[in-house]
Colleague: 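Just dropping this structure here.
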Amino acid sequence: MPKDVFRSEPKAPVATARKKTPRLVGRRARKKNSLMHQSFSSYIAFGYQSTACMCCFFTLYILLLVCIFPMLQTTPAEIPQGPLEGAHLPRVKNERLVKAASNLRSSASNLRSQFRKWREGNSVTDKSLLQETATEFEELKKKRYSKNASSFTKSKNSNNQGIETSGVIMLGMHRSGTSMLSGLLVQGIGYNVGGPLIGAAFDNEKGFFERVDVVLQNDEFMKSQNIWWGSRVKHYDSEKAYEEYKSGKINFSEGAKGLEFLNDKKNTPWLQKDPRMCITLKTWLKILDNPPAIVFTYRHPMEVAMSLNKREKDFPIESGLRLWILYNMAAIRNSASLCRVFTSNDMVLAKPLEETQRIADELTSKCHLPPGTKHMTQEQIDVFIDPNLQHNKKQMKKEKNGKILQEIKKGCVIREYQSQYDEGSASYKRELALYKIAMEIYCDFESGDAYKDNYQWPGLSE
């Protein structure tokens, strides 16, 4: 079957009637016809205004070219060479200026050469200059810090009026009743001591109320300077200890625990007690967030010396008297800028309830320490204070009736005591001389003269 059978024949085009468009009449028709017959030349026809504007433009353009033409004629030879080469500078036509610039460059080169030779001749290097600069900077920083610290502590003086403290530090020589007084303030008034604490022992049956971490850190501060709590304490340098703390030279792992507790406002009012604080106080003041209040207490020097002699297995009376002087002197000197409340072991034992409450009240009213959470009662006093724990009282009562060796001032005398040395020996004379000095300070504590700013402390050789 042929293939074309299925093809359809093409249809013839159908003629359609053309739709006639109506003619536009009137004004619209005339306007359209005029636009259709408009030529290109009608667009570039110039009138008077167009011609005037074109003339002004070309005149200004020519004036601008005339002004910048001299700058376009600058040659590379006229631009001064050197560090400013390639910069966009005006032409220099004066040869004297060019010569002067050349002389200046030559002089600067000679000065650099001479300076280089001088440095080589004097062994001056960049490293040595940096080291010297760093040293001078540290000295200036140290002076500025000391000045700021001095002004800061002076502003806190006069009982730190207007400055709220967050805690109190107990200061006093070893064996001076600091543990007893701290226990009364912690258990009776409610001051926060934290922990862990050193446990009770045969020589302190009611407890020490000393944080283990702070005690260990104070030992670390002293050990770094070859100092022990009972030896060479006079040579402790608080500034050196602080620098070692800042530089990381000294181990501060234990101190960091105690510092975290003391700087935490949630623990207010806290109490920190360690007799070593008499020596290391200034180091701690620089790392505490807020200045603490101080409670200072003291005890008769011979009682302290005899107590140390018993506890430390024949600790010399002479050494105990020397430490009594040094610790109490350091406590008063180092805390001079802080708000302080003074008491004594005898005052606490005479009226424990009244004296403890007085101390707490003064810490709040005078030093702005927030009050404790408890109120002292007589029952707490009876449980905590045992007069039998004052082991040397009986011996001291006997000596109070002994022969008077010397009257230091009115109402203050040195009586005969039981010495370890033969009377008249060199050791006895040293011991007696220290006892006289200690008793003079003790009498000044009793009268209050030792707390004055102009008090003259004795000079002791180590």
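Because only heavy atoms are used, hydrogens play no part in the values below, and waters and symmetry mates are left out as well, while side chains stay in. Bear in mind that the values here come from a model prediction, so they are computed numbers and not experimental data.
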Colleague: Does the side chain of Met170 come within less than 4.5 Å of Asp274's, by heavy atoms?
Modeller: no
Colleague: If every non-hydrogen atom of Leu323 is compared with every non-hydrogen atom of Gly230, which pair is closest and at what distance?
Modeller: CD1-CA, 3.7 Å
Colleague: Look at Glu243 together with Lys246 and state whether they make a salt bridge at an N to O cut-off of under 4.0 Å.
Modeller: yes
Colleague: Would you say that Ile414 contacts Ile408 through its side chain, given a criterion of any heavy-atom pair below 4.5 Å between the two side chains?
Modeller: yes
Colleague: Between Ser447 and Asp449, is any side-chain donor less than 3.5 angstrom from a side-chain acceptor?
Modeller: yes
Colleague: If you draw a 6.0 Å radius around NZ in Lys409, do more than 12 non-hydrogen atoms from other residues or ligands fall strictly inside?
Modeller: yes
Colleague: For the backbone of Cys278 and the side chain of Asn334, can you confirm whether one donor and one acceptor N or O come within less than 3.5 Å of each other?
Modeller: yes
Colleague: Is the ring pair Tyr417/Tyr428 parallel, tilted or perpendicular, if the boundaries are 30 and 60 degrees?
Modeller: parallel
Colleague: Between Arg276 and Asp219, does at least one N-O distance fall below 4.0 Å, as a salt bridge requires?
Modeller: yes
Colleague: Would you say Glu407 has more than 12 foreign heavy atoms packed within less than 6.0 Å of its CD?
Modeller: yes
Colleague: Taking the side chain as every heavy atom from C-beta outward, state whether Val168 and Gln272 have any pair of such atoms under 4.5 Å apart.
Modeller: no
Colleague: Would a 4.5 Å heavy-atom cut-off, applied to side chains only, mark Glu210 and Val215 as touching?
Modeller: yes
Colleague: Within a strict 4.5 Å, meaning less than it, do heavy atoms of the Thr280 and Tyr236 side chains meet?
Modeller: yes
Colleague: Looking only at non-hydrogen atoms, find the nearest pair between Ile287 and Asn263 and report the distance.
Modeller: O-ND2, 3.5 Å
Colleague: Apply salt bridge (charged side-chain N to carboxylate O under 4.0 Å, His left out) to residues Glu354 and Arg358 and explain how you reach the verdict.
Modeller: CA-CA 6 Å; Glu354 293 83 351; Arg358 179 193 70 84; over 6 Å; no
Colleague: Do Trp284 and Phe221 come close enough that some side-chain heavy atom pair is under 4.5 Å?
Modeller: yes
Colleague: May I ask you to say whether Lys366 pairs ionically with Asp361, meaning some side-chain N is under 4.0 Å from a carboxylate O?
Modeller: no
Colleague: For Glu423, I'd like to know if atom CD has over 12 heavy atoms of other residues, nucleotides or ligands within 6.0 Å.
Modeller: no
Colleague: Could you please spell out the steps behind the side chain to side chain donor-acceptor pair (under 3.5 Å) verdict for Asp213 and Gln217?
Modeller: CA-CA 6 Å; Asp213 44 28; Gln217 189 58 57; over 6 Å; no
Colleague: Are the side chains of Met173 and Tyr298 in contact, using a 4.5 Å heavy-atom criterion?
Modeller: no
Colleague: Charged N to carboxylate O below 4.0 Å: is that the case for Glu303 and Arg299?
Modeller: yes
Colleague: Please check if any side-chain donor atom of Ser176 sits under 3.5 Å from a side-chain acceptor atom of Asn345, or the reverse.
Modeller: no
Colleague: Return yes if a side-chain donor-acceptor contact under 3.5 Å exists between Tyr191 and Ser182, otherwise no.
Modeller: no
Colleague: Whether the Gln114 and Asn110 side chains hold a donor-acceptor pair (N or O, under 3.5 Å, no angle test) is what I'd like checked.
Modeller: no
Colleague: Salt-bridge test for Lys266 and Asp264: reply yes if a basic N is under 4.0 Å from a carboxylate O, no otherwise.
Modeller: no
Colleague: Would you confirm whether Asn328, through its side chain, and Trp324, through its main-chain N or O, come within 3.5 Å as a donor-acceptor pair?
Modeller: yes
Colleague: Is Glu239 salt-bridged to Lys286, going by a charged N under 4.0 Å from an acidic O?
Modeller: yes
Colleague: Which heavy-atom pair separates Pro352 from Ile385 by the least distance, and what is that distance?
Modeller: CB-CD1, 3.3 Å
Colleague: If every non-hydrogen atom of Arg211 is compared with every non-hydrogen atom of Gly195, which pair is closest and at what distance?
Modeller: NH1-N, 3.0 Å
Colleague: Do Glu220 and Tyr245 have side-chain N/O donor and acceptor atoms under 3.5 Å apart?
Modeller: no
Colleague: Does a donor on one side chain and an acceptor on the other come within less than 3.5 Å for Lys273 and Ser179?
Modeller: yes
Colleague: Could you tell me whether Glu260 atom CD has more than 12 heavy atoms of other residues or ligands within 6.0 Å of it?
Modeller: no
Colleague: Using every non-hydrogen atom in the two residues, find where Phe315 and Leu308 come nearest and quote the distance to one decimal.
Modeller: CB-O, 3.3 Å
Colleague: Does Tyr327 have any ring-ring contact (aromatic ring centres under 6.0 Å, His included) partners at least two apart in sequence or in another chain, and if so, which?
Modeller: His174
Colleague: Please walk me through it: do Ser344 and Asp346 pass side chain to side chain donor-acceptor pair (under 3.5 Å)?
Modeller: CA-CA 5 Å; Ser344 70; Asp346 288 341; 5.5 Å; no
Colleague: Considering residues at least two apart in sequence or located in another chain, which fulfil the ring-ring contact (aromatic ring centres under 6.0 Å, His included) criterion with Tyr451?
Modeller: Phe342, Phe445
Colleague: How close do Thr297 and Thr178 get, counting heavy atoms only, and between which atoms?
Modeller: CG2-CG2, 3.6 Å
Colleague: Below 4.5 Å, heavy atoms only, C-beta onward: do Thr165 and Asn290 meet side chain to side chain?
Modeller: no
Colleague: Where do Ser427 and Glu318 land on the side chain to side chain donor-acceptor pair (under 3.5 Å) test, with the steps shown first?
Modeller: CA-CA 8 Å; Ser427 298; Glu318 176 186 354; 5.5 Å; no
Colleague: Could you check whether any side-chain N or O of Thr356 sits under 3.5 Å from a backbone N or O of Leu353, counting only pairs where one atom can act as donor and the other as acceptor?
Modeller: no
Colleague: List the steps and the verdict of side chain to side chain donor-acceptor pair (under 3.5 Å) for Gln406 and Lys436.
Modeller: CA-CA 8 Å; Gln406 182 180 346; Lys436 290 179 181 179; 3.1 Å; yes
